[in-house]
2 protein chains.
Amino acid sequence: MHQTRVTVAEGVLDANQTIAAANRADFDRAGVKVVNLMSAPGAGKTSLLERALAETGEVRVGVLEGDVRGSLDADRLSQLHIPVVQINTDPAFGGECHLDANMVRSAIPQIPLEEIDLLVIENVGNLVCPAEFRVGEDRRWMISSVTEGEDKPLKYPLMFRSCELVVLNKIDLLPHTDFSEELFLANLEKVNPGAETFRTSARTGEGIDAWRRRLLDLAPAAGRD
Amino acid sequence: MHQTRVTVAEGVLDANQTIAAANRADFDRAGVKVVNLMSAPGAGKTSLLERALAETGEVRVGVLEGDVRGSLDADRLSQLHIPVVQINTDPAFGGECHLDANMVRSAIPQIPLEEIDLLVIENVGNLVCPAEFRVGEDRRWMISSVTEGEDKPLKYPLMFRSCELVVLNKIDLLPHTDFSEELFLANLEKVNPGAETFRTSARTGEGIDAWRRRLLDLAPAAGRD
């Protein structure tokens with residue numbers, strides 16, 4: 001007779017966490033750093049990437065585009081002659097309002113991981129659910145635009161809290177709105193004290209260089225040898 | 001012995017539809033017309049309502065505010081001295097990114113239905129899931145702002161298709177953006193041919209009167225006797 005041993009598995013991960021960890025392992029093995037970029041619809045994720053990724057020096061960047069439907073953003077970014085892979089959450093995943101780890105996993109075979117140093121995942125435009133699903137990323141960054149108002153950190157605290165870096169975009173419109181940058185930063189500080197912030201205008205290019213440097217510096221040094 | 005008869009229930013509704021129908025019956029019984037107002041975060045739903053509901057003549061209007069967290073918008077609208085009820089999807093419903101019929105049902109006891117003619121439900125800011133959940137409304141309207149870009153109808157087709165009226169807000173910013181109104185309307189026409197449109201600026205007040213009339217005209221004539 002053999003003794004029966006029951007091992008209690010502690011810290012069991014939910015399915016999304018398990019798959020996110022598998023994605024992360026694949027990215028790490030390939031030496032690719034991954035940024036999960038989130039925002040409300042129309043905050044300017046694609047426009048900002050168009051500007052920032054137009055000059056990436058020796059860092060090889062790829063983009064994974066998440067949209068409910070269509071490939072409008074992927075088409076725009078593919079003009080930059082970088083690898084762009086599109087995930088549609090509508091036909092393939094039932095119209096989900098966010099990317100999850102399994103969707104990203106399904107796209108990994110299409111991403112040339114050995115040929116890039118940095119992968120930017122452009123999530124579905126939404127300030128709620130994307131924050132709840134890790135996808136295997138190293139960094140979670142978000143974009144908020146001045147036209148959305150100063151109250152957004154207080155109304156969508158999980159999103160603003162889950163990101164270590166917040167880009168305030170569309171600053172070219174500041175003179176034409178009632179937006180108070182001071183109030184926005186105070187609200188952000190309430191939900192995410194010490195969050196790193198950048199100010200950009202994807203339209204005029206203001207602030208893009210600084211954000212680009214911050215983004216490209218994520219790539220492993222090997223990518224710039 | 002009695003004969004057994006089996007009745008096959010056809011057209012079985014899912015739980016959300018069942019509860020939405022119950023809500024609708026309650027609203028109808030009280031003679032209240034209901035608009036489900038949807039948009040991306042920061043498109044200007046609350047600002048537009050602040051302007052429009054400042055003068056409602058003899059139409060008695062109430063607002064049901066849906067937010068993930070907080071009562072910032074409800075607090076703003078309560079300045080108008082109209083009944084405002086807040087639903088938070090976070091503590092009560094697990095951080096949902098949309099209102100569903102059951103959340104609205106849970107709020108109905110707090111809404112003075114006998115004292116209003118028109119109820120505006122301000123949904124959670126999101127262009128995906130709110131379109132998938134009827135809540136018992138008579139009308140589904142949405143707001144899109146010029147700073148979100150012309151491509152939004154193509155990227156979020158279910159939302160734009162599920163609404164019979166689309167307000168294009170923040171038109172005061174048109175001179176300061178590259179937004180093409182013609183392209184936006186062409187994209188809207190592709191996903192929702194013949195959709196009714198309004199142009200507004202909650203900031204300058206342009207177009208508010210026309211939209212206010214359209215909104216108040218929904219109320220049953222009894223409310224204006």
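All figures in this text were calculated on a predicted structure; none of them were measured in a lab. Scope of the values below: all heavy atoms of this structure, side chains included, with no hydrogens, waters or symmetry mates.
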**Request:** Walk me through it: do B:Lys170 and A:Thr147 pass the test side chain to side chain contact (heavy atoms under 4.5 Å, CB included)?
**Result:** CA-CA 9 Å; B:Lys170 306 193 190 178; A:Thr147 51; 3.8 Å; yes
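- Between chain A and the residues B:Leu127, B:Asn88, B:Leu158, B:Val128, the most heavy-atom pairs under 4.5 angstrom are made by B:Val128.
- Counting heavy-atom pairs closer than 4.5 Å to chain B, the top residue among A:Gly44, A:Gly70, A:Pro175, A:Gly125 is A:Gly125.
- Interface remark: A:Asp172 contributes side-chain atoms only to the contact with chain B (heavy atom separation under 4.5 Å).
- Of the listed residues B:Arg69, B:Glu148, B:Glu132, B:His176, the one with more heavy-atom pairs under 4.5 angstrom with chain A than any other is B:His176.
- Interface residue A:Pro157: only side-chain heavy atoms are found under 4.5 Å from chain B.
- Counting heavy atoms from C-beta outward, A:Arg203 and B:Asp178 have side chains that approach closer than 4.5 Å.
- Of the atoms belonging to A:Thr177, heavy atoms from both backbone and side chain fall under 4.5 Å from chain B.
- Atom NZ of A:Lys155 sits about 3.0 Å away from atom CG of B:Asp73, to the nearest 0.5 Å.
- For B:Ser145, no part sits under 4.5 Å from any heavy atom of chain A, backbone or side chain.
- Distance CG/B:Asp151 to OG1/A:Thr46: 7.5 Å, rounded to 0.5 Å.
- In this structure, B:Asn126 CG and A:Tyr156 OH are separated by 7.5 Å, a value rounded to the nearest 0.5 Å.
- Here the side chains of A:Cys129 and B:Cys129 are not in contact, with every heavy-atom distance at 4.5 Å or above.
- The CD atom of A:Glu150 lies 11.0 Å from the CG atom of B:Leu72; values are rounded to the nearest 0.5 Å.
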